Amino acid sequence: MKVQVCIIGGGPSGLLLSQLLHLQGIETILLEKYSREHVLSRIRAGVLEHGFAKLMREAQCGERMDREGEIHKGFHIAHDGVLDHVDLYKYSGGNSVIVYGQTELTRDLYEARERFGGKVVHNAEDVALHELKSDKPYVTYRLGDETLRVDCDYVVGADGFHGVSRKSIPKDVLREYEKVYPFGWLGVLSRTKPVSPELIYVKHDRGFALCSLRSQVLSRYYIQVPLTDKVEDWSDDAFWAELKRRLPEKVAADLITGPSIEKSIAPLRSFVAEPMQYGKLFLAGDAAHIVPPTGARGLNSAASDIYYLYHALLGHYKKGDDAGLAGYSERALARIWKAQRFSWWMTMLLHRFPDRLAYDDQLQRTELGYLFSSESAMRQLAENYVGLPF
Ligand code: FAD
Ligand code: PHB
């Protein structure tokens with residue numbers, strides 16, 4: 001088979017790009033390692049930047065997001081015995097975020113690909129990239145007993161952190177930057193009314209916690225746990241008890257608990273691979289970079305990659321202009337590093353580090369005190385959280 005762009009990975013990045021390109025008459029195929037049900041069973045992001053929402057609308061996939069998603073104009077930070085408010089709307093000059101689950105967004109994108117007759121291959125195994133430095137790159141994959149081949153102009157690696165695309169770039173070309181944090185987040189999804197209409201980020205002596213939501217009947221809570229903990233170590237009762245200990249008294253009293261419908265541990269990591277291009281291969285999303293979830297930047301950073309790559313491919317196919325493709329890596333990375341900085345900052349601000357010094361505790365307290373006493377510090381937080389311009 002021959003297509004213009006072969007996309008590897010059927011997460012939000014790959015799906016969004018294939019949908020946007022399809023609407024412009026650019027032919028793609030998307031190869032996903034797992035079934036659609038498996039992809040949709042992963043509970044991940046919940047907070048979308050307005051820039052991402054705009055891109056979903058441009059992809060004609062924004063209708064349900066606009067109907068069911070919640071606009072959030074602020075959030076809370078509980079720390080040192082107080083519950084402070086961050087007014088995103090005020091300090092970002094009128095912007096906000098949308099609370100809409102990655103699962104729902106991915107479902108909308110799959111439905112759109114189906115509606116538009118897009119080529120999406122599930123259970124594509126042993127995906128391999130070939131001849132990336134030539135004018136005739138191709139991708140092979142296995143479907144059952146059959147090995148298939150896709151010839152294309154370009155390959156997009158949107159196959160997440162553990163995918164094969166980044167690993168196809170020679171080691172002497174790729175530079176990787178990584179910081180692994182000494183803890184993870186244990187997350188629980190429950191069919192209960194959220195404890196607060198707005199998110200609450202909690203810095204506590206027992207560790208970080210987060211009260212988030214997917215809708216007014218679906219809550220998402222997280223607590224910081226040591227990397228040695230396993231999901232099996234945490235019964236629902238133990239999770240709720242620990243969450244309550246970390247919440248301000250008044251919030252804990254209002255918490256409605258219930259059986260978990262999903263429970264998982266995500267280790268926290270910062271990671272960037274440079275460059276994001278090798279010959280005819282372009283990396284996008286988690287395939288090239290990871291942030292700790294504290295600043296809600298991961299999926300949103302994927303969206304900015306897709307925006308730049310989409311416009312670069314449009315330049316090539318519609319105007320014969322390759323400047324966007326040539327500059328993709330540099331342009332994408334400039335924004336990625338800002339998201340890295342912000343996620344690192346929020347992670348350092350709110351977590352309890354096992355090897356911290358009394359000095360570090362004082363700095364955390366001072367940083368929070370400064371944040372809530374300075375309008376310019378608030379503006380920095382707000383403009384990063386709602387998303388810097390693409
Ligand atoms: P992925 O979603 O990882 O998709 C990659 C796809 O490629 C997968 O479907 C995978 O099965 C497939 N694949 C892998 N290997 C292969 C292969 N060899 N061949 C073919 N296909 C392959 N981000 C935010 O912006 N806001 C948040 O609030 C937020 N909260 C988060 C909370 C948690 C607990 C976690 C873990 C993450 C959170 N994120 C958040 C990050 C966000 O989920 C990711 O950044 C996002 O999933 C990246 O999308 P992607 O399409 O690039 O990669
Ligand atoms: C979530 O709802 O899953 C979520 C929200 C905000 C974050 C991270 C995760 O910073």
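We number each residue from 1, following the sequence as shown. Fair warning: this is a prediction, and the values are worked out from it, not measured in the lab. Values below: all heavy atoms of this structure, side chains included; hydrogens, waters and symmetry mates excluded. Just follow the structure's listing: the first ligand is 1, and inside any ligand the first atom is 1.
- Here the side chain of Ser92 pairs a donor or acceptor atom with the backbone of Asn95 at under 3.5 angstrom.
- For a threshold of 3.5 Å applied to N or O pairs, the pair formed by Val39 and ligand 1 contains no separation below that value.
- For ligand 1, the polar-atom distance check finds no N/O of Tyr222 at less than 3.5 Å from any of the ligand's N/O atoms.
- The side chain to side chain donor-acceptor pair (under 3.5 Å) pairs that include a residue from residues 12-23 are Ser18-Arg113, Gln19-Arg113, His22-Arg113, where partners are two or more places apart or lie in different chains.
- Under a 4.0 Å heavy-atom criterion, Trp185 is in contact with ligand 2.
- An N or O contact shorter than 3.5 Å links Tyr222 to ligand 2 by distance.
- Checking only distances, Thr294 does come within under 3.5 Å of ligand 2, N or O to N or O.
- The aromatic ring centres of Tyr222 and Phe208 sit 6.0 Å or more apart.
- At least one N or O atom of Asn300, backbone or side chain, sits closer than 3.5 Å to an N or O atom of ligand 1.
- The closest approach between a heavy atom of Trp185 and any atom of ligand 1 is not below 4.0 Å.
- For ligand 1, the polar-atom distance check against Gly298 finds a nitrogen or oxygen pair separated by under 3.5 Å.
- At under 3.5 Å, a nitrogen or oxygen of Pro12, whether backbone or side chain, sits near a nitrogen or oxygen of ligand 1.
- Tyr308 meets the ring pair (Phe, Tyr, Trp, His ring centres under 6.0 Å) test with no other residue; sequence neighbours excluded.
- In this structure, Gly187 does not count as a contact residue of ligand 1, since none of its heavy atoms falls inside 4.0 Å of the ligand.
- Atom 30 (N) of ligand 1 has its closest protein heavy atom at Ala45 CA, 3.2 Å.
- For the pair Ala296 and ligand 1, the shortest N or O to N or O distance falls below 3.5 Å.
- Considering both main-chain and side-chain atoms, Pro293 comes within under 3.5 Å of ligand 2 through a nitrogen or oxygen pair.
- Distances from ligand 1 to the non-hydrogen atoms of His38 include no value under 4.0 Å.
- The nearest protein atom to atom 3 (O) of ligand 1, hydrogens excluded, is given as Arg44 NH1, 3.0 Å; this is a heavy-atom distance.
- Residue Gln102 has at least one heavy-atom neighbour below 4.0 Å for each of these atoms of ligand 1: 2 (O), 42 (C), 43 (O), 46 (C), 47 (O).
- For the pair Phe161 and ligand 1, no heavy-atom separation below 4.0 Å is found.
- The cationic atom of Lys203 (NZ for Lys, CZ for Arg) does not lie both less than 6.0 Å from the six-membered ring centre of Tyr201 and within 45° of the ring axis.
- Given atom 21 (N) of ligand 1, the protein heavy atom at minimum distance is Lys33 N, 3.2 Å.
- Atom 9 (O) of ligand 1 has its closest protein heavy atom at Arg42 NH2, 2.5 Å.
- In terms of protein heavy-atom proximity, atom 19 (N) of ligand 1 is closest to Val127 CG2, 3.7 Å.
- The single protein non-hydrogen atom nearest to atom 51 (O) of ligand 1 is Ser13 N, 3.0 Å, given as residue, atom name and distance.
- Under 4.0 angstrom from ligand 1, the non-hydrogen atoms of Leu299 come from both its backbone and its side chain.
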